[in-house]
Amino acid sequence: MAKNKQKPKQNLPSQTSSTPQAAAYSAPKASENNFSLSPTVVYILLAVTVIIAFAAGFSNGFVNWDDQMYATENIMIQNPTFANLIRLLTVECALNYHPLTVASLWLNSALFGKASTSFIVTNTLIHLVNTFLIFRFSQQLTRNNTLVSFLVALFWGIHPMHVESVTWVSERKDVLYTLFFFLACIQYVKYLEKNERKMLVLCFVYFVLSCLSKAMAVVLPLVLLLIDYWFDKGFLTVKNITTKIPFFIVALLFGALAVHVQGGGDLGGRLEKMTLDVALSDALTLGDRIKFGFYGFLVYIFKLFIPINQHNFYAYPSPDKYGAIQYVTAPIWALLILGGAAFFFRRKKEIFFGIMFFFFTIVLVLQFLSVGGAILAERYTYIPYFGIIFLVFYFLNEKVTSKNLLLYGSLVIAPVFMYLTYKQTLTYKDTGTLFANSYKYEPESPVVNENLANHFGRSGEIDQVIRYGEYAASKGVQSYALMGALANAYYLKGNMPKALELYQKSIDNSPNHRKFVAYYNRGIANRDAGNFLQSAEDFTKAMELGQNKNAYLGLRAFANLKANKFKEAYDDYSTMINLGIAVDTAYNDRAVARYSLGDTQGAIKDLKEVMKRNPNYKDARDNLIKLGVQP
């Protein structure tokens, strides 16, 4: 790489020094800017500020926004046996394959129980460690400039846009993949300094662990090339690229796997599917994807500096707004920013490094490849924000003469960010608060309305279910959860035909591991509608598909009895007696089945057994009297 023709403002390392130098272009040392701060004090300050900013989230509950798949309805997490851990390693979860992440959730449940607090606290502690790693990595990049490194780590650690990654239990994958991502970066800098192959091998191991935590880690090889550039090792040179061939191979493999799984694949049956739908969409044209991708790029940068109007679901605009000026002009502004970074390639390293770090680590989720139903998501900024925050404070350190002014000025702004982070954690208190917050900004979003309907369904607010649910359904939402919530609402309203129609849709759209719920609910509705034969069949399906094969035995027995399927009812009640399930009722109702089959003596025997067990059982007493037997 050609040498920088512009004389740098930093002091360059002496050419006669015998001490190995990692780079010829770096920030001034702390001693050179008349500012010092003990690393111990830095870690204490970072710990205190991060914990204060996020502590309000410790009392939050789970939210039904993927948490049900990762925790509350995931039998392998709810029952953390070793066998379930092994099973977890071959399960697709929420259209992702990240075995290390789900294994960490399993361990969380096994060690600390199933309550939400331990999961959220663990996420926050990992985030704190990540903040420490940001500080260490910044120190490496700035040759131990403690001021810059502290401010970078501080604002990265307390940024409100990171609440989604930290406070939302389902985003364990974010904090975990970031942990290994920055460990890999730190290790790679050590490799450049000492040129010991074992350090590159360890960097590679961290990279694989990061990919096993979340597929977004596949961009690490590009970041390593940026680190080469930062330390004057060239950029896209043959040597740099060939050194990272194993990294690129792993990146391609995990990237291809992510696309396959998000497209609905199961590795030829090798992965157990927990999700029916797909994340990838081809509904948008290439031009629209470019517009929306660069629009997200700009919004992410804007919200780095002004984190306002935050919520968990940023919906795409309606098609009639695709031509709005903010979308049409977004590619122009974004390319100007990227072009500016290229312009400063040889002039201002911090500008090229910071902007390209941001771009490389966020490019895969800029909706150029349309994934999911959101135009952007706050969690995607978790790693990328490091690049621009580093650029800002590195630049300010060069321009501001008084380092105390830089420090104390930043510390005046920090409490504002901490307060915004504190407020944002409260929106994740439960599903209702989460989507009520989103509804303020996205009242026409089918997804937001769907989730509000599901939430009100769980809390029994029937009119609200119908209000939000029908709106979502009118916009084309046919998810099993929404269909089930609406079906339950119409069942409680007494509209059985509508309820049964919606239960069928819920069954049709349910993943296999959730179909038993829809069959159970429809079994209840069919029973109350007098469709006893169909009710018995529904309970049979629920028993076959659910984890507990005998959970609905009594319900099926009763439905069989009412459908005049006396032999089937007799068999079910006999099984209940053998298993010790509702034995008195089972004896009494089996007596009815036996009598209907012509076995009067058998019926009398069962009824006498009930009276012996429970002399106050009124139904058995009355049935004996009807048979002419004195109790």
Side-chain angles (χ1 to χ4, degrees), residues 59-69 72-73 116 168 170 276-277 309-316 318 373-374 426-511 514-531 534-535 538-539 542 552 555:
S59 61
N60 288 355
F62 292 106
V63 294
N64 279 304
W65 179 241
D66 286 359
D67 280 358
Q68 65 272 31
M69 287 181 276
T72 58
E73 295 176 8
S116 59
W168 185 17
S170 294
L276 257 190
D277 55 359
N309 298 340
Q310 288 185 251
H311 53 285
N312 74 305
F313 191 82
Y314 293 78
Y316 279 99
S318 57
L426 297 178
T427 66
Y428 281 81
K429 180 176 178 60
D430 56 40
T431 309
T433 58
L434 182 66
F435 284 98
N437 179 60
S438 283
Y439 190 80
K440 291 187 297 185
Y441 307 103
E442 302 285 355
E444 297 181 0
S445 165
V447 173
V448 173
N449 279 273
E450 172 194 6
N451 280 277
L452 282 172
N454 293 339
H455 164 70
F456 287 120
R458 284 182 290 270
S459 61
E461 299 179 57
I462 305 307
D463 291 335
Q464 296 286 60
V465 175
I466 294 174
R467 172 193 170 189
Y468 293 106
E470 286 292 2
Y471 178 85
S474 73
K475 298 298 182 180
V477 178
Q478 296 285 311
S479 70
Y480 78 92
L482 178 63
M483 295 299 100
L486 276 172
N488 289 341
Y490 282 112
Y491 164 79
L492 292 172
K493 286 280 189 180
N495 189 341
M496 291 302 177
K498 182 72 171 178
L500 291 171
E501 174 192 339
L502 291 165
Y503 282 131
Q504 184 60 56
K505 290 183 178 180
S506 181
I507 290 168
D508 293 341
N509 291 289
S510 292
R514 294 296 298 167
K515 283 187 186 296
F516 76 96
V517 176
Y519 275 114
Y520 164 77
N521 287 334
R522 193 175 72 173
I524 296 292
N526 271 314
R527 180 198 66 188
D528 292 355
N531 304 325
Q534 182 60 56
S535 176
D538 285 340
F539 290 132
Y552 313 121
L555 292 168

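Since the model is a prediction, treat every value here as computed from it, not as a measurement.
- The closest donor-acceptor contact from the side chain of S535 to the backbone of G523 lies under 3.5 Å.
- In terms of the side chain to side chain donor-acceptor pair (under 3.5 Å) criterion, residue partners of Y428 (sequence neighbours excluded) are, by chain and number, E164.
- The nearest pair of heavy atoms linking E442 to A315 is OE2-N, 3.3 Å.
- Taking CG from L492 and CG from N488, the interatomic distance works out to 6.5 Å, rounded to the nearest 0.5 Å.
- Partners of Q464 under the side chain to side chain contact (heavy atoms under 4.5 Å, CB included) rule, at least two apart in sequence or in another chain, are F456, E461, R467, Y468.
- Scanning for salt bridge (charged side-chain N to carboxylate O under 4.0 Å, His left out) contacts around R527 gives an empty result, with sequence neighbours left out.
- Annotation for Q504: atom CD counts as buried by contact number, over 12 foreign heavy atoms lying within 6.0 Å.
- The minimum heavy-atom distance between S506 and A518, with the atom names listed, is OG-CB, 3.6 Å.
- For E470, there are no salt bridge (charged side-chain N to carboxylate O under 4.0 Å, His left out) partners at least two apart in sequence or on another chain.
- Atom CG of D538 sits about 4.5 Å away from atom CD of Q534, to the nearest 0.5 Å.
- To the nearest 0.5 angstrom, L452 atom CG is 7.5 Å from Y439 atom OH.
- Listed for the T431 side chain is a donor-acceptor partner under 3.5 Å among the backbone atoms of N64.
- Judged as a side chain to side chain contact (heavy atoms under 4.5 Å, CB included), and not counting sequence neighbours, the contacts of L426 are A56, Y422.
- Here I507 contributes atom CD1 and L502 contributes atom CG; the two are 11.5 Å apart, rounded to the nearest 0.5 Å.
- Considering all non-hydrogen atoms of both residues, V465 and A453 come closest at CG2-O, 3.6 Å.
- Contacts of K429 classified as salt bridge (charged side-chain N to carboxylate O under 4.0 Å, His left out), with partners at least two apart in sequence or in another chain: none.
- Checking side-chain atoms of W65 against main-chain N and O of W168 turns up no donor-acceptor pair under 3.5 Å.
- Atoms OH and CG, from Y314 and N312 in turn, are 9.0 Å apart once rounded to the nearest 0.5 Å.
- From F539, atom CZ reaches atom OH of Y520 across 6.5 Å, with rounding to the nearest 0.5 Å.
- Looking at Y491 and I524, their side chains come closer than 4.5 Å, going by heavy atoms from C-beta outward.
- Using modelled atom types, no side-chain atom of S438 and backbone atom of F435 make a donor-acceptor pair closer than 3.5 Å.
- The side-chain hydrogen bond (donor to acceptor under 3.5 Å, both in side chains) analysis of residues 446-455, with sequence neighbours excluded, yields the pairs E450-S479.
- For the residue pair Q478 and M483, the shortest heavy atom distance occurs at O-CG, 3.7 Å.
- For K493, the salt bridge (charged side-chain N to carboxylate O under 4.0 Å, His left out) partners two or more places apart in sequence, or in a different chain, are D463.
- Residues that satisfy the side chain to side chain contact (heavy atoms under 4.5 Å, CB included) test with A529, not counting sequence neighbours, are M496, N531.
- Although no hydrogens or angles enter the test, the distance criterion places a donor-acceptor pair under 3.5 Å between the side chain of Y471 and the main chain of E444.
- The side chain to side chain contact (heavy atoms under 4.5 Å, CB included) search around K440 returns N437, not counting sequence neighbours.
- When all heavy atoms of V477 and P446 are compared, the pair lying nearest together is CG2-CB, 3.5 Å.
- Every residue meeting the side chain to side chain donor-acceptor pair (under 3.5 Å) condition with T433, not counting sequence neighbours, appears here in chain and number order: D430.
- Aromatic ring pairs are classed by plane angle as parallel below 30°, tilted from 30° to 60° and perpendicular above 60°; the pair Y441 and H311 is parallel.
- The salt bridge (charged side-chain N to carboxylate O under 4.0 Å, His left out) contacts involving residues 476-486 comprise nothing, where partners must be two or more places apart or lie in separate chains.
- Checking side-chain atoms of N495 against main-chain N and O of Y490 turns up no donor-acceptor pair under 3.5 Å.
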